Structures are given as C-alpha cells and as structure tokens.
Amino acid sequence: MHPDVKKILFSEEDIRNRCREMGREISEAYRDNQHDLLFVGILKGSIPFFAELIKHVDIDVYYDFIAASSYDGTESSGDIKIIKDLDCSVVDRDIILVEDIIDTGLTLKEIKSLLYHKGAHDVKIAALLNKQERRVNDIQADYLGFEIPNEFVIGFGLDFNQKYRNLPYVGVLKDELY
Ligand code: IMP
C-alpha cells in the first residue's frame with residue numbers, strides 16, 4: 001500500500017467486480033435501444049473507471065471525452081468552463097456521462113444541461129463513487145459503483161494535486177497530507 005494512504009476502501013478486484021455488474025446492467029438497459037449510445041468520460045479522473053466499465057458492456061457503443069474546470073478555480077460557483085469539448089455530435093444520441101466521483105454535483109449538473117442544450121436525446125450518469133452528504137443539488141447517479149462517507153479519497157483516477165491517479169485501488173488519504 002502507498003505510504004500516503006490511510007486505508008484502502010475498494011481494491012482493484014472490488015472495483016472490477018462492481019464494474020462487471022454495472023456493465024451488465026447498462027448492456028441490458030440499452031440492448032434494444034433505438035438511439036446511438038455514446039459514453040462521455042469526464043477528464044481526467046474518469047479514465048481508469050471508464051476503461052474498466054466499458055470492457056463489461058457487450059453492446060455497440062461510441063465514446064468521447066470532455067474536460068471542464070471551474071471559472072474561479074474553486075468548486076463553489078458551479079460556473080464551469082469547457083477546456084476540452086467533445087469531438088463528435090451528441091444530437092439525437094443517448095449519453096452515459098462517466099465520472100469518478102459525485103461530490104457537490106455541480107460539475108455534472110452543468111455538463112448534463114450542456115449536453116441537452118447541444119441536442120442529446122437522453123443523458124444518464126455513471127459514477128464510481130458518491131458522497132451523498134456533500135450534494136448541493138438534485139444530481140444522482142443512474143449507475144453507481146459505491147457510496148462513500150465524506151472523506152478525501154485518492155486512486156483509480158482520483159487525485160490530490162494531480163498525484164495518486166495511478167493507484168490501482170481507491171483509498172483514503174492520510175489526514176496530515178490533506
Ligand atoms: P463536484 O462538482 O463537486 O461533484 O466535483 C466532482 C469532482 O471533484 C470530481 O470529479 C473530483 O475531481 C473532485 N473530487 C471530489 N471529491 C474528491 C475526493 O474525495 N478525492 C479526489 N477528488 C475529489
């Protein structure tokens with residue numbers, strides 16, 4: 001275990017098993033779908049979860065990525081700037097937005113309405129982790145990996161100052177480092 005990690009919450013195997021279940025659920029939900037299914041990963045944190053999840057989806061899908069940041073560099077405003085837009089059109093497509101963690105919900109609320117504004121037919125959310133306690137709006141995951149308490153977590157894409165994204169598990173960062 002990395003010396004900066006206080007405890008491991010979800011091992012690589014826990015995550016793989018949960019992603020297999022989520023992948024099956026998504027496949028069944030969209031198997032006879034009339035619209036293209038487009039997975040949209042939110043950079044950069046979603047990458048490991050995105051890669052694991054998509055392996056367990058056994059229907060035809062498309063995928064693309066988007067990156068956003070807060071205008072004022074804080075999480076509080078909810079006013080986000082798109083710093084990498086999608087390469088493809090979303091018009092008349094069904095979207096699954098893939099995010100590492102839902103915290104306040106501000107990022108997802110903005111991106112979800114942006115996608116509808118651009119003409120998406122339907123937008124659902126798949127998140128690896130959820131901190132319900134921190135939510136400030138009505139955003140909820142349609143497909144959720146795990147519920148977690150209000151602790152700062154790292155690994156499997158999640159960072160602290162851009163570090164620890166490569167850890168193969170989700171762990172809690174030691175308090176003295178946060
Ligand atoms: P929201 O807009 O507040 O829901 O922000 C979600 C984003 O905040 C995630 O994509 C993460 O980048 C970041 N975040 C929230 N909680 C954590 C955490 O515990 N560890 C690492 N990043 C986090």
Side-chain angles (χ1 to χ4, degrees), residues 1-12 14-15 18-19 22 26 38-54 63-86 95-118 120 123-178:
M1 183 166 91
H2 193 291
D4 296 352
V5 172
K6 183 160 79 174
K7 65 177 173 201
I8 293 178
L9 289 184
F10 306 107
S11 69
E12 198 171 359
D14 294 336
I15 297 169
R18 187 69 192 108
C19 284
M22 293 169 81
I26 291 171
L38 175 69
F39 278 72
V40 172
I42 303 177
L43 297 173
K44 306 170 190 162
S46 74
I47 290 288
F49 171 52
F50 190 101
E52 187 60 50
L53 180 63
I54 207 119
Y63 68 65
D64 203 349
F65 297 93
I66 193 166
S69 74
S70 295
Y71 264 109
D72 59 4
T74 71
E75 65 178 24
S76 53
S77 67
D79 214 2
I80 64 160
K81 173 172 61 171
I82 299 301
I83 52 179
K84 189 246 169 260
D85 206 346
L86 296 170
I95 312 258
I96 296 187
L97 256 178
V98 182
E99 177 66 306
D100 51 1
I101 186 167
I102 317 181
D103 189 39
T104 62
L106 291 169
T107 311
L108 277 168
K109 181 131 191 155
E110 286 286 310
I111 295 180
K112 195 172 173 178
S113 45
L114 176 78
L115 295 176
Y116 276 120
H117 185 73
K118 282 170 172 269
V123 183
K124 297 272 191 284
I125 293 169
L128 178 61
L129 304 171
N130 184 43
K131 277 188 203 169
Q132 192 61 38
E133 236 182 277
R134 295 258 308 155
R135 194 75 82 262
V136 299
N137 56 30
D138 58 358
I139 284 288
Q140 291 300 339
D142 299 281
Y143 303 97
L144 176 66
F146 306 99
E147 192 67 50
I148 62 164
N150 186 15
E151 288 185 294
F152 197 84
V153 291
I154 51 169
F156 217 81
L158 291 142
D159 75 304
F160 177 61
N161 290 339
Q162 300 300 323
K163 204 174 162 186
Y164 311 114
R165 290 193 197 274
N166 58 314
L167 299 180
Y169 48 81
V170 172
V172 179
L173 186 63
K174 281 185 178 165
D175 299 324
E176 60 267 34
L177 299 168
Y178 175 49

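Positions are given from 1, in the same order as the sequence printed here. What you see is a predicted model, and the numbers here were worked out from it, not measured in a lab. In listed order, ligands and their atoms are each counted from 1.
- For Asp100 and Arg165, the salt-bridge test fails: no basic side-chain N is under 4.0 Å from an acidic carboxylate O.
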Under the criterion side-chain contact (heavy atoms from CB on, under 4.5 Å), I'd like the reasoning laid out for Val170 against Ile154: C-alpha separation, chi angles, the key distance, then a yes or no.
CA-CA 6 Å; Val170 172; Ile154 51 169; over 6 Å; no

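- Residue contact check: Leu158 has heavy atoms under 4.0 Å from atoms 21 (C), 22 (N) of ligand 1.
- Proximity to Glu151 (heavy-atom distance under 4.0 Å) selects the following atoms of ligand 1: 19 (O).
- The shortest N or O to N or O distance between Phe152 and ligand 1 is not below 3.5 Å.
- The backbone N or O of Ile15 sits nowhere less than 3.5 Å from a side-chain atom of Glu52 that would complete a donor-acceptor pair.
- Residue Ile154 has no nitrogen or oxygen atom sitting less than 3.5 Å from a nitrogen or oxygen atom of ligand 1, judged on distance alone.
- Using a 4.0 Å cut-off to heavy atoms of Thr107, the atoms of ligand 1 that qualify are 1 (P), 2 (O), 5 (O).
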Show, in sequence, the C-alpha distance, side-chain angles and deciding distance for Phe39 and Ile54, and conclude whether the side-chain contact (heavy atoms from CB on, under 4.5 Å) test is met.
CA-CA 9 Å; Phe39 278 72; Ile54 207 119; 3.8 Å; yes

Under the criterion side-chain contact (heavy atoms from CB on, under 4.5 Å), I'd like the reasoning laid out for Glu99 against Leu108: C-alpha separation, chi angles, the key distance, then a yes or no.
CA-CA 8 Å; Glu99 177 66 306; Leu108 277 168; 4.1 Å; yes

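- Within the structure, the closest approach of Lys109 to ligand 1 does not fall below 4.0 Å when heavy atoms are considered.
- A heavy-atom separation below 4.0 Å is found between Asp159 and ligand 1.
- Within the 4.0 Å heavy-atom cutoff, Gly45 does not count among the residues contacting ligand 1.
- Note on ring orientation: taking the six-membered ring where Trp is involved, the planes of Phe50 and Phe65 are tilted (angle from 30° to 60°).
- Interface of Glu99 with ligand 1, defined as ligand atoms under 4.0 Å from a residue heavy atom, comprises 10 (O).
- Proximity of a side-chain donor or acceptor of Lys44 to a complementary backbone N or O of Gln162 within less than 3.5 Å is not detected.
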